[in-house]
Amino acid sequence: MPVQHPVERHTIAVIADNEPGVLARIVGLFAGRGYNIESLTVAETDADKHLSRFTVVTSGTPMVIEQIKSQLDRLVPVHSVSDMTLGGPHVERELALLKVVGTGEKRVESLRLADVFRAKVIDSTTESFVFEITGATDKVDAFIGILRPLGLVEVSRTGVAAIARGKTPM
Amino acid sequence: MSSVADAARPASQAEMSGSEIILKALVDQGVEYIFGYPGGAVLPIYDAIFQQNALRHILVRQEGGAVHAAEGYARSTGKVGVVLVTSGPGATNAVTGLTDALMDSIPIICLTGQVPTHLIGNDAFQEADTTGITRPCTKHNYLVKDVTQLARVMHEAFHVATSGRPGPVVIDLPKDVLFAKGPYRAPETVRHRSYNPRREPDMARVAEAVDLLVNAKRPIIYGGGGIINSGPEASRLVTDFVRRSGFPCTLTLMGLGAVPAADPHFLGMLGMHGSYEANMAMHDCDVMIAIGSRFDDRVTGRLNAFSPNSRKIHIDIDPSSINKNVRVDVPIIGDVAVTMRALLAEWQRRDPTLDRKAIAAWWERIEQWRGRNCFAFAQGPDIIKPQYAVERLYQLTKDRETYITTEVGQHQMWAAQLYRFEKPNRWMTSGGLGTMGYGLPAAMGVQLAHPDALVVDVAGEASTLMNIQELSTIVQYRLPVKVFILNNRYMGMVRQWQELLHGNRYSESYMDALPDFVKLAEAFGCVGLRCTKPGDLDGVIREMMANGRPTIVDVAVDEKENCFPMIPSGAAHNEMILGPSSDGKPGKPVSEEGMVLV
Ligand SMILES: Cc1ncc(C[n+]2csc(CCOP(=O)(O)OP(=O)(O)O)c2C)c(N)n1
Ligand SMILES: [Mg+2]
């Protein structure tokens with residue numbers, strides 16, 4: 001019997017040239033080789049050097065994760081690939097904007113819970129709020145779960161941004 | 001570019017048009033030939049070609065042929081093959097060849113025309129999203145929208161195509177950029193920001209590898225196309241290692257010629273249609289060193305039964321090839337030549353005492369497997385066996401400087417099994433993609449690079465028809481290419497699988513209404529020869545070799561012959577099916593899991 005390897009979830013940071021088509025290369029690589037993308041965030045992080053940082057949350061067996069990293073590293077515009085999950089302590093955050101519609105008791109309750117989760121109200125009408133919450137994925141998940149019965153109608157999330165703890169840069 | 005840099009530019013560097021920049025860059029990169037086909041979007045480049053003599057343009061008859069010709073040129077010389085095609089259909093016709101080059105790690109630069117920048121995205125006439133279409137089938141691609149970047153991109157493309165694991169690079173060129181004026185930069189001034197793959201191995205790993213090798217009792221060397229790509233020095237070093245160690249060596253389809261076939265340590269090709277001894281030795285070895293090979297599914301057979309009891313060393317320049325299909329114990333990232341030099345030095349430093357007794361016993365077992373004579377065939381008096389045709393071709397051409405290309409199918413496997421390659425770069429075949437129609441245009445590229453050599457495309461009749469138009473190119477440039485057709489009137493490999501997997505239902509695998517290949521050759525201005533009797537074969541081959549002209553030889557071979565030995569899909573190396581003439585019993589039928597594999 002072949003040994004069944006466990007599926008692991010890894011957060012991978014990629015620094016690449018900010019040029020047309022890089023995102024397509026990375027996404028195409030995942031699609032073409034059947035890898036999983038749980039979340040993907042990207043933005044230019046160094047305008048002078050035209051570098052972007054991608055944070056990909058993916059899952060697979062250790063062998064597949066290793067493949068994903070080597071395949072990413074093989075892309076010509078990619079400068080470096082680092083596995084945050086293996087690389088030691090790091091922090092992960094994502095931001096979500098949540099629209100909750102309702103009046104009366106539910107509305108008050110959502111506001112009270114937002115306070116508990118340290119979410120901010122960034123827009124309000126007499127019948128709705130937009131909350132902004134920042135935190136690790138499970139915290140955002142938990143907040144979304146709690147808001148659902150309280151009139152949550154729309155969710156927009158950024159996906160994970162991650163960085164290693166300590167003084168050494170990637 | 002900043003004004004300071006502008007001021008620093010020597011006055012002699014006058015601005016040039018985009019087309020001129022392209023040609024200058026090609027010349028500075030040492031290019032001799034461009035394989036291409038014109039069209040509206042690339043006319044400015046063709047106009048520039050017309051006005052110079054440094055580069056020779058070879059006009060193919062279909063863009064697909066251009067890429068395969070460039071592949072043949074590249075694989076037989078170790079240089080980059082250059083292709084020029086127009087936008088839209090020109091570019092899409094090149095896609096198969098690009099994919100082929102990607103799979104077989106062949107360095108190609110493909111220049112594609114594009115509609116002018118301001119029309120991109122407008123569904124303009126002959127517009128295709130070439131960078132989008134070719135992203136997954138190139139090593140890298142560029143869309144150059146600014147003529148000031150053109151020289152840099154050209155040189156960068158050569159760097160990308162040739163360094164690390166080689167591959168095809170597309171440069172998409174909007175027509176306005178070809179007319180625009182810009183500065184030229186010499187190759188030395190360009191350094192890639194992010195892509196500089198490492199060539200030197202980690203010495204600690206090399207030492208670990210030697211630890212395993214010197215203690216091996218049942219070692220095997222499993223070499224691949226990476227040895228060829230690394231250059232002739234790599235083949236020399238691997239051969240040196242084979243001889244110093246006395247270890248048995250097998251090569252993949254892409255690696256043939258890396259170690260001379262005449263060397264007694266050579267067990268033949270491995271894999272699906274490889275030799276019995278090579279596959280059995282792979283299965284039973286205790287230490288395997290994979291050199292520039294990638295554990296492709298045609299080589300490994302059923303993965304969970306692949307060489308179950310061995311410790312594995314893997315040398316490859318491409319980190320993504322390591323631990324992709326098979327877990328290895330000692331991964332070494334590095335160029336084959338550089339790594340083998342280091343490994344040999346370490347080997348000599350230790351001056352190891354090997355377990356001679358165990359290794360002699362191992363060789364004894366291998367000799368028993370060899371004794372099964374797995375490639376044996378019975379040539380009768382009437383019908384030519386395809387194996388016999390390849391065997392005679394080999395015997396009669398081996399003393400000449402000969403280059404062999406192939407199409408795809410049974411004939412390809414027979415050529416790989418029975419033609420013996422003593423040197424690298426003499427064997428051009430579509431291994432990874434298995435592209436029918438590769439061999440004829442590839443032979444054209446090989447012949448251009450080696451005008452005095454004998455270049456033979458060992459072909460099947462079905463494959464030959466896939467790029468038959470290139471006979472016209474061959475005639476135009478007076479290339480004495482030989483197309484040696486093993487004509488079984490079937491898509492033989494398809495028929496073989498239908499026999500194996502689909503109850504002999506020959507669905508669409510018989511080629512009805514085949515052309516008369518002799519007349520076809522003559523219609524193109526080539527020589528056409530036919531051979532139907534075993535006794536006539538030598539004479540026909542000699543005539544083909546002597547006439548100095550492009551020639552099709554239509555060899556009528558046994559229609560029913562199948563290619564053995566064979567590891568059926570989903571089976572393990574030690575479950576090989578041997579042919580009726582070799583000394584063995586038939587294998588098991590194909591499993592259900594095996595049926596779904598290709
Ligand atoms: C472009 C392309 N289409 C289809 C195939 C599938 N295929 C593999 S071998 C083969 C038959 C080849 O026939 P022929 O050239 O006569 O060679 P033979 O096997 O008879 O020697 C086919 C159709 C392929 N490899 N390439
Ligand atoms: Mg055939």
Side-chain angles (χ1 to χ4, degrees), chain A residues 1-6 8 10 12-35 44-54 58 60-83 86 170, chain B residues 99 102 105 117 120-121 129-146 149 153 156-157 159-161 163-165 167-170 172 192-198 294-295 302-306 308 316-328 331 333 593:
Chain A
M1 272 309 284
V3 197
Q4 291 294 313
H5 292 287
E8 298 172 358
H10 284 237
I12 296 169
V14 178
I15 308 279
D17 288 327
N18 182 17
E19 59 179 34
V22 208
L23 177 60
R25 277 180 219 286
I26 292 182
V27 173
L29 174 75
F30 277 77
R33 294 191 180 261
Y35 305 144
E44 187 171 70
T45 49
D46 188 335
D48 292 342
K49 293 187 185 152
H50 298 289
L51 292 177
S52 290
R53 182 177 178 120
F54 295 71
T58 183
T61 60
M63 210 154 148
V64 168
I65 300 283
E66 196 186 328
Q67 260 301 297
I68 292 175
K69 289 183 283 184
S70 335
Q71 292 290 354
L72 284 168
D73 207 25
R74 201 154 80 114
L75 296 175
V76 169
V78 165
H79 289 243
S80 63
V81 175
S82 92
D83 187 333
L86 289 186
M170 177 175 162
Chain B
T99 311
L102 183 71
S105 312
T117 339
I120 290 179
D129 174 8
T130 301
T131 46
I133 291 170
T134 60
R135 203 170 284 129
C137 66
T138 52
K139 182 170 173 188
H140 193 53
N141 62 20
Y142 299 87
L143 170 62
V144 185
K145 287 183 167 175
D146 173 359
Q149 300 302 310
V153 168
E156 241 184 63
H159 168 73
V160 171
S163 43
R165 178 171 172 181
V169 177
V170 160
D172 202 23
H192 202 281
R193 291 218 300 161
S194 57
Y195 189 73
N196 293 295
R198 85 183 258 182
R294 61 184 177 94
F295 296 90
R302 181 152 50 87
L303 263 185
N304 60 7
F306 174 70
D316 206 294
I317 195 141
D318 174 10
S320 78
S321 285
I322 292 179
N323 287 333
K324 181 168 65 182
N325 303 329
V326 171
R327 263 250 164 253
V328 298
I333 296 160
E593 304 93 86

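In the text below, chain A, chain B and the rest are named by the order of the sequence lines, each starting its count at 1.
- In this structure, chain B has heavy atoms under 4.5 Å from both the backbone and the side chain of Q71(A).
- Per-residue counts of heavy-atom pairs under 4.5 Å with chain A were compared for L143(B), N141(B), T131(B); the largest is that of N141(B).
- Taken from CZ in R193(B) to CD in E19(A), the straight-line distance is 8.5 Å, to the nearest 0.5 Å.
- When every heavy atom of V76(A) is checked against every heavy atom of K139(B), the shortest pair comes out as CG2-O, 4.1 Å.
- Nearest heavy-atom pair, I322(B) versus Q67(A), reported as atom, atom and distance to 0.1 Å: O-NE2, 4.0 Å.
- P77(A) has its side chain within reach of H140(B): a pair of non-hydrogen atoms, C-beta onward, lies under 4.5 Å apart.
- Below 4.5 Å, heavy atoms of chain B meet heavy atoms from G21(A), A24(A), R25(A), all part of residues 20-32 of chain A.
- Scanning all heavy atoms of the two residues, the minimum distance from E66(A) to N323(B) falls at OE2-ND2, 3.2 Å.
- Minimum heavy-atom separation, S194(B) to V78(A): CB-O, 3.5 Å.
- Interface remark: K49(A) contributes backbone and side-chain atoms alike to the contact with chain B (heavy atom separation under 4.5 Å).
- When heavy atoms are compared at a cutoff of 4.5 Å, R327(B) approaches chain A by way of both its backbone and its side chain.
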